[in-house]
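These notes concern the structure reproduced below.
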Amino acid sequence: MAAPMLRGCCLGRCWALACIDSGSRHGRGAATGFTCSGKRGQSFVAQQPLLTAQKSRKGEHKWAAVVGLEIHAQIASNSKLFSGSQVHFAAPPNSLVSFFDASLPGTLPVLNRRCVEAAVMTGLALNCHINKKSLFDRKHYFYADLPAGYQITQQRLPIAVNGSLAYSVCVGKKWRQVITKTVRIKQIQLEQDSGKSLHDELRSQTLINLNRAGVGLLEVVLEPDMSCGEEAATAVRELQLILQALGTSQANMAEGQLRVDANISVHHPGEPLGVRTEVKNLNSARFLARAIDYEIQRQINELENGCEILNETRSFDYKLGFMPEPNLPPLLLYDTASLPAGADPQQVINIDRIREQLPELPSETREKLIQQYGILPEHSFALLNEVGLLEFFQNVIKETRAEPKKVTSWVLNIFLGFLKQRNLAVNESPVTPSVLAELLNLLDRKVISSAAAKQVFEELWRSKGKTPSQIVSERKLELMQDEEALERVCHTVMEGHPQVVMDMKRGNPRAINKLIGLVRKVTHNRADPTVIKEILEKQLSS
Amino acid sequence: MLKGYVPPYNATVVQRLLDQGAVLMGKTNLDEFAMGSGSTDGVFGPVKNPWSYSKQYREKRKQKPHGENEDSNWLITGGSSGGSAAAVSAFTCFAALGSDTGGSTRNPAAHCGIVGFKPSYGLVSRHGLIPLVNSMDVPGILTRCVDDAATVLGVLAGHDPKDSTTIQDPGKPFMLSSLTDVSKLCIGIPKEYLVPELSSEVRSFWSKAANLFESEGAKVIEVSLPHTSYSIVCYHVLCTSEVASNMARFDGLEYGHRCDIDVSTEAMYAATRREGFNDVVRGRILTGNFFLLKENYANYFIKAQKVRRLIANDFVNVFNSGVDVLLTPTTLSEAVPYLEFIKEDNRTRSAQDDIFTQAVNMAGLPAVSVPVALSNQGLPVGLQFIGRAFCDQQLLTVAKWFEKQVQFPVIQLQELMDDCSSVFEIEKLASVSLKQ
């Protein structure tokens, strides 16, 4: 497992600077990440990490960091993992609690089929081996939000093992080169979520809400193949997209549907791995990378100052270990070959069937976009990075003759820019795909210029109900179609400014721009600058 | 710990009985959390064996006529489901439910002279049964005769979606056939069950029973269950471990008793659990915690699981060799007086008294205790039949035949009734199963 070198003195961009530049300010499902184009907006494509030991006194030493992740994703199901109570975000406290969830004596767990299917789908999407037999265990600890005093999980034999997750990193001078990194997946297991406790310091009491107790979780364990916060955040982002594409989890970090614990250690390359610490319950994408890098930095500083790293993890990890869950028989899954004859389809799960019905994964979608529309890889990432953006893009493409590259540029730069400025989601956009398509058609037919199009777009955003054509005619933004008239104007302008023409003849590139500007003024900006330039050059040479 | 707790739902076994028109007369006393073999460690006090007041017992003890304090030397019922056994024995009800984890239904049945039936694990739903050892518990059935037990089993048995450890087949009621010919039957007598602590009377009844089968044409052979001597220790490790786990939920937060301390959650837990559990329960929890510690888990818990497998295999091997049913004692002796019983602590007693019954729970097999005869002291003695897994009906058929042969006497409580007749107005004893 190769970890990239992190030098004491860095070349190129320093991490701290990059942090400020990057990422979304709005946190809407965004990952911390640089935008390859350098503009505001989101991309979860990571930059090649270069970590500095900023306070290092011994700047020569090289450090490598090793990051592993434990990700908990809430399964998108109607009811909980072992009981029939509903799964719903933000319901009144303790309104979604069954007798089993409250650990009333005599209640027993009954496995939710949908949760098992979700686990199998996720395992297959992550290239895991699905264990045809898996087991449930009890993990004991005392905490107010764990009514039974134990959590039912899969410690000994989880449902899926040995998979991989691929994510992409941008490298090179302008982050044009995309390289794929892989992190190994150790296992995926089914387990119960705990309730929530709220500490009321004022009244010295703790309030417990058990709505979340017993909700199904997928724990995805990523091996320590990552080397910095950015890689970790990117991997998490890709996992989020996969889960969302599968429908197995909404994976919304802000709503607590996706939580990440990071295991971090540092060492000198070539030496054994260092002591691990754990950073728990990271539930914001933006915070994830920073928290990890902060911890890496902290460890480096500690070690360079001669201190030791203490593993202060898990204060509840005392005493009891695991015990098999006696109330749940082993979970047996089948494939087409091993399916028992006459088996009730309600009672069995066929892995092959699930594999056949897997929806398209993000990586496939991106590949298709690149093939189909010829767009750049980093743009394909950007399109998938925002909820609903891909659909929007595809709807625009359907209704316009404009080139995909043009559409991409408009969607990713202008449209997305407007959304972000106003902190809106795609589905809250006042501009529908049809409207944008119409605008792009006007642009494509050269009815209006690029600059005019942008003006129209602004107007569309503000006032609903108007079509692009309406706005164009209202504001008289149509391009001059009469080429002869334009030629006459050019001619007149050239005649009126002989000095500039002389400059032009001498080869001054800025001269022509001045002329273009003058022509535009005369024509009230209704001439296409490109065409003006052509005409001027033609007239000059004649 | 469950003071004031009224469960908001019915156990499946209760609901199924209610659905068939049963009338629930009440709940009975037991050892706290089913831990014990005397029914003496409950928060409501100990249970008294009705046979303490029977004519048969009194006559043998040459009791002085009234006036004397005759109640000081009453007998235990055995346990832990002693209250249910006493209720059935005293004609309070048609049948009663108990639990059986190591013999808690069969033991008091034997001491109270009634039928105590432990179904195969997985046949009857445990939804609603407060768990002791999830992998061994079953609801137990206590009745005055084997036919009644079969009636109740017919109502209770079968798949329950709320209990994932039940069999898939739905149950249905059945009638036991009356065996007339036992010549095709093979009865096994496990030699390891002939222990020195076994009272000579019980041994004699056991022997007579074997002879009875043989004389009626059955094949009676000695068999071996070689790992029997390990079963008590194995049971102890597994039982306490599961108990520690199952009791973790009693923290006073969601239901039941909660102490007054509210300084911190930890303090509240500690005090609630200290107040809410008796010594026996606390002892078992602490022991179980020890076995579940990470450093001990492999050496104790896992080893015990392996030994359990060996014990279960002993039975499989015996049944595979052609034996239909095993015949063993249920208890070491007849019921003892309370004052004598409490001289030993609960744990020692349990270890001793469960000796014939608990291996059955580890193997998940069906077993039934049938009263055979009265001892020299006029107290009931029961014998146990053990059957193959899920051959409960066959087992009960054999038990029914045996019951018919031995004609165990009805408990005579008439004197007690007469003594009390001025207080109660008892009209007639209602019973489906009086045998004269």
Side-chain angles (χ1 to χ4, degrees), chain A residues 82-84 94 97-112 136-152 155-156 195 197 199 203-208 210 213 316-331 343-344 346-347, chain B residues 1-2 5 7-12 14 33 122 125-131 133-137 160-166 168 238 241-242 244-251 253-256 262-266 268-270 273 288-298 301-302 305:
Chain A
F82 294 117
S83 73
N94 292 318
V97 184
S98 67
F99 298 142
F100 174 77
D101 302 329
S103 80
L104 294 194
T107 53
L108 298 168
V110 180
L111 186 55
N112 178 335
F136 289 100
D137 304 292
R138 294 182 180 181
K139 178 177 171 185
H140 299 90
Y141 59 93
F142 277 109
Y143 201 64
D145 62 16
L146 197 67
Y150 57 84
Q151 174 202 34
I152 302 180
Q155 166 67 7
R156 289 170 290 157
S197 38
H199 301 288
R203 293 181 199 80
S204 295
Q205 59 183 9
T206 303
L207 307 166
I208 314 287
L210 294 179
F316 306 114
D317 195 30
Y318 57 61
K319 298 200 174 101
L320 304 186
F322 292 85
M323 191 187 94
E325 170 56 66
N327 292 319
L328 292 168
L331 174 59
D344 180 2
Q346 294 281 54
Q347 290 294 320
Chain B
M1 184 61 82
L2 290 174
Y5 171 72
Y9 71 99
N10 287 336
T12 299
V14 170
F33 283 111
S125 170
R126 289 183 298 113
H127 170 73
L129 175 65
I130 299 183
V133 183
N134 287 287
S135 60
M136 298 186 204
D137 295 341
D160 182 10
K162 295 187 184 130
D163 178 352
S164 307
T165 58
T166 53
Q168 290 300 311
L238 295 176
S241 301
E242 287 216 31
S245 177
N246 289 330
M247 295 295 152
R249 67 186 57 207
F250 295 111
D251 52 19
L253 266 181
E254 298 87 5
Y255 50 84
D262 57 2
V263 162
S264 73
T265 317
E266 289 77 21
M268 192 274 280
Y269 277 1
R273 288 163 72 82
N289 282 344
F290 174 80
F291 295 135
L292 288 178
L293 285 173
K294 281 189 187 158
E295 58 258 32
N296 292 330
Y297 184 72
F301 188 85
I302 297 204
Q305 292 277 46

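Chain identifiers are assigned alphabetically (A, B, ...) following the order of the sequence lines, protein sequences preceding nucleic acid strands; residue numbering begins at 1 within each chain.
Across all their heavy atoms, A:Asn327 and B:Thr165 have their closest contact at O-CG2, 3.7 Å. Closest non-hydrogen pair, B:Arg249 versus A:Thr107, comes out as NH1-OG1, 4.0 Å. Counting all heavy atoms, side chain and backbone alike, B:Asn246 lies closest to A:Arg138 at OD1-NH1, 2.9 Å.
Of the atoms belonging to A:Pro324, heavy atoms from both backbone and side chain fall under 4.5 Å from chain B. Contact annotation for B:Ile130: both backbone and side-chain heavy atoms come within less than 4.5 Å of a heavy atom of chain A. With a 4.5 Å cut-off on non-hydrogen atoms, B:Asp163 touches chain A through its backbone and its side chain both. Using a 4.5 Å cut-off between heavy atoms, B:Tyr5 contacts chain A through its side chain alone, with no backbone atom that close.
Taking 4.5 Å as the limit, every side-chain heavy atom of A:His140 sits out of range of all side-chain heavy atoms of B:Asn289. Contact check for A:Asp101 versus B:Glu254: no side-chain heavy atoms found under the 4.5 Å cut-off. Counting only heavy atoms from C-beta outward, the side chains of A:Pro105 and B:Phe250 approach each other to under 4.5 Å.
Between the OG atom in B:Ser135 and the CD atom in A:Glu325 there is a gap of 10.5 Å [rounded to 0.5 Å].
Looking only at distances, a side-chain donor or acceptor of B:Ser164 sits under 3.5 Å from a matching main-chain atom of A:Pro109. Remark: side-chain polar atoms of B:Tyr297 are not paired, donor with acceptor, to backbone N or O of A:Met323 under 3.5 angstrom.
With chain A as the partner, the residue from B:Pro8, B:Ser241, B:Pro161 showing the most heavy-atom pairs under 4.5 Å is B:Pro8. Most heavy-atom pairs under 4.5 Å with chain B: of the set A:Ala102, A:Gly84, A:Pro147, this distinction falls to A:Pro147. Across B:Met247, B:Arg273, B:Gln168, the residue that shares the most heavy-atom pairs under 4.5 angstrom with chain A is B:Arg273.
Between B:Tyr269 and the choices A:Tyr141, A:Phe142, A:Tyr143, the ring-ring contact (aromatic ring centres under 6.0 Å, His included) rule is met once, by A:Phe142.
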